[in-house]
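By convention here, the first residue in the shown sequence is residue 1.
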Amino acid sequence: MLQQLALYVVIPLTALATIAASGPEEEAAAAAAAERMQAEAGQSDRNAMVCKKFPPPTGTRLRARQICKTQAEWDLMEKDTQDTLDRVQRKPCAGNAASGACN
C-alpha cells in the first residue's frame, strides 16, 4: 500500500521538481530531491527501476528526456559525480594554471 502511494505521490512531485528546473545546477538539485523523496517513501529495493525526467536544453524545441536506471545505478552516478567534484575542488590552481598566477 505504501509503495502504491509512493508511486502516486512521489513520481508526480519528482516530475514537477524536474520541470521547474532550468539549468544544470537545478537539474542536479531536482535529481537529488527526487532521490530523497523516494528514500523517504520507503523504497529500499536497489534493483527497482527508477525513471527520471530531465528538461530539454534551454532554447530548443526538444521534449523532456526520460532516463530509466536502477536505484543502484543512480546512486553510483551520484557518488561518481561527487567524487569528481571533490577531486577538482582540491586540485591546486584549477582555474589559473594558464596564467601562471599560482606558481
Side-chain angles (χ1 to χ4, degrees):
M1 176 76 175
L2 181 62
Q3 288 180 343
Q4 289 176 342
L5 178 64
L7 289 175
Y8 292 108
V9 174
V10 174
I11 293 175
L13 289 176
T14 303
L16 287 175
T18 56
I19 289 171
S22 62
E25 297 85 13
E26 289 85 7
E27 285 181 13
E35 290 178 21
R36 282 194 301 272
M37 286 190 289
Q38 288 173 352
E40 291 171 2
Q43 279 191 342
S44 61
D45 186 15
R46 300 196 27 91
N47 292 325
M49 287 299 282
V50 178
C51 295
K52 297 181 182 182
K53 286 189 176 183
F54 296 96
T58 304
T60 66
R61 295 183 183 183
L62 299 175
R63 296 184 328 174
R65 297 174 296 169
Q66 181 175 2
I67 300 174
C68 297
K69 297 182 181 195
T70 64
Q71 185 61 47
E73 290 173 326
W74 285 115
D75 293 342
L76 181 61
M77 248 178 63
E78 182 179 354
K79 183 184 179 307
D80 288 345
T81 302
Q82 189 62 46
D83 290 345
T84 301
L85 180 63
D86 290 342
R87 188 176 63 247
V88 168
Q89 287 179 340
R90 289 189 180 124
K91 189 176 190 180
C93 304
N96 297 327
S99 67
C102 58
N103 287 336

salt_bridge(D83, K79) N-O dist < 4.0 Å: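 Salt bridge flag = yes for K79 with D83.
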Rounded to the nearest 0.5 Å, what separates atom [atom1] in [X] from atom [atom2] in [Y]?
| X | Y | atom1 | atom2 | result |
| --- | --- | --- | --- | --- |
| K91 | D86 | NZ | CG | 14.5 Å |
| Q82 | R87 | CD | CZ | 11.5 Å |
| Q71 | E73 | CD | CD | 10.0 Å |

Is there a continuous path of hydrophobic side-chain contacts, each under 4.5 Å between heavy atoms, that joins L76 to L85?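 Different clusters: L76 never reaches L85 through Ile, Leu, Val, Met, Phe, Trp or Tyr contacts under 4.5 Å.
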Go through the structure and list residues passing side-chain contact (heavy atoms from CB on, under 4.5 Å) with A64, not counting sequence neighbours.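 Result, side-chain contact (heavy atoms from CB on, under 4.5 Å) vs A64: P56.
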How would you list, by chain and number, every residue that makes a salt bridge (charged side-chain N to carboxylate O under 4.0 Å, His left out) with D80, sequence neighbours excluded? none
Start with the C-alpha gap between T70 and M49, add the side-chain angles, then the distance that decides, and say whether side chain to side chain contact (heavy atoms under 4.5 Å, CB included) holds. CA-CA 4 Å; T70 64; M49 287 299 282; 3.7 Å; yes
All heavy atoms of W74 vs all of V50, minimum pair found to be NE1-O, 3.0 Å
